[in-house]
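Okay, so here's the structure we're looking at.
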Amino acid sequence: MSAQANTEASKFDFVKWIIAVGLLIAGIYAFNVLTEQSILIRAGIVVATVVLAIATAMMTAKGKAFWQFVKGARTELRKVIWPKTNETTRMTIVVIIMIIILGAFLWLLDWLINSFIIQPILG
């Protein structure tokens, strides 16, 4: 059994979301205002504000619920049995052969309909 995080919304969740959005806006604003600075400094400011905004958003109830979802998805992904290389190669070859066969069948069907139905009617 996995422990569920406390995902009850607190009084301050709205404030945390406002702070997160404000950080994003501030980072974009700083990027556009500091045009005389190096692009590395400007990009660093944007990255830092995005990281801080994500950290702030993850402290909300929805952020905690999202993190629980990510952890559950990761757990389920570990349970997947991935095919071996030779299985993948064989299945890819089978799919390509089936596509060629289906394409040839549809081409033949189109040719037959065109030759024996459409051409006699339209002349």
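As a basis for the values below, the full set of heavy atoms in this structure was taken, side chains included, without hydrogen atoms, waters or symmetry mates.
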Side chain to side chain contact (heavy atoms under 4.5 Å, CB included) between Leu24 and Thr49, worked out: CA-CA 6 Å; Leu24 289 175; Thr49 57; 5.5 Å; no

Applying side chain to side chain contact (heavy atoms under 4.5 Å, CB included), can you list everything that pairs with [X], at least two apart in sequence or on another chain?
{"X": "Val21", "result": "Ile25"}
{"X": "Ile81", "result": "none"}
{"X": "Pro120", "result": "none"}
{"X": "Thr92", "result": "Thr88, Ile96"}

Pair listing, side-chain hydrogen bond (donor to acceptor under 3.5 Å, both in side chains) test, anchored in residues 23-47, at least two apart: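 Found none.
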
Could you give the side-chain donor-acceptor pairs of residues 53-61 under 3.5 Å, partners two or more places apart or in another chain?
residue : atom : partner : partner atom : Å
Thr56   : OG1  : Leu52   : O            : 2.8
Thr60   : OG1  : Ala57   : O            : 2.6
Thr60   : OG1  : Gly63   : N            : 3.1

Mind checking what makes side chain to side chain donor-acceptor pair (under 3.5 Å) contact with Gln119, not counting sequence neighbours?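 With neighbours one apart ignored, the set is empty.
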
Would you mind writing out the side-chain donor-acceptor pairs for residues 99-114 within the sub-3.5 Å range, not counting sequence neighbours?
none

Take Phe31 and Ile39, measure what side chain to side chain contact (heavy atoms under 4.5 Å, CB included) needs, and give me the verdict at the end. CA-CA 9 Å; Phe31 184 83; Ile39 190 70; 3.8 Å; yes

Under 4.5 Å side-chain linkage, directly or through intermediates, the cluster mates of Ile18: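 Besides Ile18, the hydrophobic cluster comprises Phe14, listed by chain and residue number.
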
Under the 4.5 Å side-chain heavy-atom rule for ILVMFWY, direct or indirect, which residues accompany Val51? Val47

Closest heavy-atom pair, Ile45 versus Ala30, reported as atoms and distance to 0.1 Å, is CG2-CB, 3.8 Å

Nearest-0.5 Å distance, CE of residue Met91 to OG1 of residue Thr89: 11.5 Å

Out of curiosity, Arg90 CZ to Glu87 CD, how far, rounded to the nearest 0.5 Å?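 The CZ atom of Arg90 sits 6.0 Å away from the CD atom of Glu87.
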
Considering residues at least two apart in sequence or located in another chain, which fulfil the salt bridge (charged side-chain N to carboxylate O under 4.0 Å, His left out) criterion with Lys84?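 Scan of Lys84 (salt bridge (charged side-chain N to carboxylate O under 4.0 Å, His left out), adjacent residues dropped) gives none.
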
Side-chain heavy atoms of Val80 within contact of Trp82, under 4.5 Å: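 Val80 reaches Trp82 side chain to side chain.
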
Under 4.5 Å between side-chain heavy atoms, hopping through other hydrophobics if needed: is there a path connecting Val50 to Val33?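 The answer is no; the residues belong to distinct hydrophobic clusters.
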
